[in-house]
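Here the structure comes first, spelled out in structure tokens, and everything after it is commentary.
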Number of protein chains: 2
Amino acid sequence: MPARSRRKRRAILDAALEAFLAGGYDAANLDAISSAAGVSKVTIYQHFGSKEGLFVALIEEEIHRAEHESDEYLEARTDSPDVEEDLRSFAREFLETVMSPHLVAMRRLVVATAPRFPALAEAWFRNGPERGYETLADLFRRLDEQGRLRVPDARVAARAFTWLLLGAPLNEAMFRVDWAGSDPEQRAALADDAVEVFLMAYGRTGPRQADGEMLP
Amino acid sequence: MPARSRRKRRAILDAALEAFLAGGYDAANLDAISSAAGVSKVTIYQHFGSKEGLFVALIEEEIHRAEHESDEYLEARTDSPDVEEDLRSFAREFLETVMSPHLVAMRRLVVATAPRFPALAEAWFRNGPERGYETLADLFRRLDEQGRLRVPDARVAARAFTWLLLGAPLNEAMFRVDWAGSDPEQRAALADDAVEVFLMAYGRTGPRQADGEMLP
DNA sequence: CTGTATCTGTACTCACCAGTTCAGAAAGGT
DNA sequence: ACCTTTCTGAACTGGTGAGTACAGATACAG
């Protein structure tokens, strides 16, 4: 509750985030974290109880932060005359966000610690990919109802869009650590490719019979 | 030189693989590995010099093993009358392979250690995803030439196919550790969905204008 | 059979690090 | 100004685990 306490807690969490992201869970050193935070090691234990406690608190906080940030930009994307251009700009922004160095590093950290902290990984998954699918599915359902896209199964389309866009760069980023997603131009090109393929499948511009549907 | 030496080496590598996969690099204990391998700890050092040396040798061996295995089943897949069914069965097999518990665990291990062993992660990436792209691109180029598919850019199509198929399950497996890919039926359904979307985009059955091409 | 290379068991060093102790200092709310 | 809560520094414990030393056993080749 108090005032100073909050500052200390923040400082600890900030330093801890950097340390965990830099070297992973095991490599992070509480002595180093405490001194980087300008705080006594005892204070860390008063706040978080243990290294695990600190880690859990940290990841949970990051999950909430990401949740609030993503809630904003995923809203209301259907109100333009040009669906294709809308999808393109959305795809670029989406890719840019997910491929940010911070999120990529977080992703690697959560994946690496998933065996030891399965609940955290589960929470991350639900607030990340799974929420993303649902939001996208809603979007595609709307676009289908408005006749701007031809989407037989919105959930399948949401997954398709997500991984057409993110699969290759995210996978590469997991293995090539420094590769911060190459340059913005290449990312934009990647996003455009993804949208193009997506539109080949779901664009309104031609009849598809793959699930038995035809245009009137 | 070898006779007994080779057996020892094998035993060490087998035990080490299990240990590293079970708990990650840091958790693996050389005393435990040596006793599991029925070998003295000194022998490990005679063979591999250090824990890092052991790990590197192990991963490199796994890379070669995977390389040889994958070389086989990715061959000659274009010689059937029904392309769609071909793609479906190929997708199922591909998904089954990549989602095998062993490969999923290896993937997590390599990703987790990528910051400390970037060369290994790089090698894994090149022998895995990147080789896969090329093989698939060749396949789609052939299918396009034969008029069975309409593939304007084979490299884009290869990435699209890969991630339509693997994106969702692989991502989920990274976060949900026990989730061994759900049951085979669900995986087959997933593969079929992926192929269906892929065919919506690349199927020969309708005119697409997305890159300016039309059917004659 | 014999010599050499390799293995073994045990016991050791050394470094690192999570977590604790405690007496005292520094806020901060009222 | 005062009293309580929170923080500090520094030294300590205890456990773990990588890597080493060495003297003797064991396999294998020729």
Side-chain angles (χ1 to χ4, degrees), chain A residues 1-61 109 112-120, chain B residues 1-61 109 112-113 115-117 119-120:
Chain A
M1 315 271 220
R4 170 179 53 161
S5 210
R6 222 194 303 273
R7 283 201 308 273
K8 298 285 181 183
R9 188 189 159 89
R10 259 264 62 77
I12 294 168
L13 285 172
D14 291 344
L17 180 62
E18 198 174 348
F20 282 126
L21 286 183
Y25 181 82
D26 292 294
N29 178 316
L30 286 193
D31 288 300
I33 291 175
S34 71
S35 81
V39 148
S40 163
K41 185 159 70 155
V42 181
T43 306
I44 295 184
Y45 281 89
Q46 281 163 355
H47 274 278
F48 302 101
S50 66
K51 188 180 186 181
E52 293 200 353
L54 171 59
F55 185 74
V56 170
L58 177 61
I59 302 295
E60 282 175 347
E61 204 218 27
L109 180 61
T113 55
R116 224 194 293 197
F117 301 95
L120 285 183
Chain B
M1 339 235 222
R4 171 176 55 159
S5 212
R6 223 197 298 276
R7 284 200 308 274
K8 298 286 180 183
R9 188 188 160 90
R10 259 265 60 76
I12 294 168
L13 285 172
D14 290 344
L17 179 63
E18 198 175 349
F20 282 125
L21 286 183
Y25 181 82
D26 291 293
N29 179 315
L30 286 194
D31 287 299
I33 291 176
S34 70
S35 82
V39 149
S40 164
K41 185 160 71 155
V42 182
T43 306
I44 296 184
Y45 281 89
Q46 282 163 355
H47 274 278
F48 302 101
S50 66
K51 189 180 185 180
E52 293 200 353
L54 172 59
F55 186 74
V56 169
L58 177 61
I59 302 295
E60 281 175 348
E61 203 219 26
L109 180 61
T113 54
R116 223 193 295 197
F117 301 96
L120 286 183

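Only heavy atoms go into these numbers, but all of them, side chains included; no hydrogens, no water, no symmetry mates. A, B, ... follow the sequence lines: proteins, then strands. Residue 1 opens every chain.
Judged by distance alone with a 3.5 Å cut-off, a donor-acceptor contact links the side chain of Lys41(A) to the base of dG19(C).
In this structure, CG of Asn29(A) is placed 5 Å from P of dC17(C), rounded to the nearest angstrom. Whole-Å rounding puts the Asp26(A) CG to dC17(C) P distance at 11 Å. To the nearest angstrom, C1' of dG19(D) lies 16 Å from CZ of Phe48(B). Between Ile33(B) atom CD1 and dT8(C) atom P the separation is 15 Å, expressed in whole Å. Atom CD1 of Ile44(B) is separated from atom P of dA18(D) by 10 Å (rounded to the nearest Å). Nucleotide dA21(D) holds its P atom 13 Å from the OH atom of Tyr45(B), rounded to whole Å. Atoms CZ (Arg4(A)) and C1' (dC7(D)) sit 5 Å apart, rounded to a whole Å. Per the geometry, CG belonging to Leu30(A) stands 7 Å off P belonging to dG19(C), to the nearest Å.
Using a 4.0 Å heavy-atom distance criterion, Arg9(A) is classed as making no nucleic acid contact. Using a 4.0 Å heavy-atom criterion, one finds that Gly53(B) contacts no nucleic acid atom at all.
Between Ser5(A) and dC7(D) there is a side-chain N or O to OP1 or OP2 distance below 4.0 Å.
Note on the helix from dC1(C)-dG30(D) to dG28(C)-dC3(D): angle between the axes of the first and last five pairs equals 30°, rounded to 10 degrees.
To the nearest 0.5 angstrom, Leu109(A) atom CG is 4.0 Å from Phe55(A) atom CZ.
With distances taken from any side-chain atom of His47(B) to the nucleotides dT10(C), dC7(C), dG28(C), the minimum falls on dC7(C).
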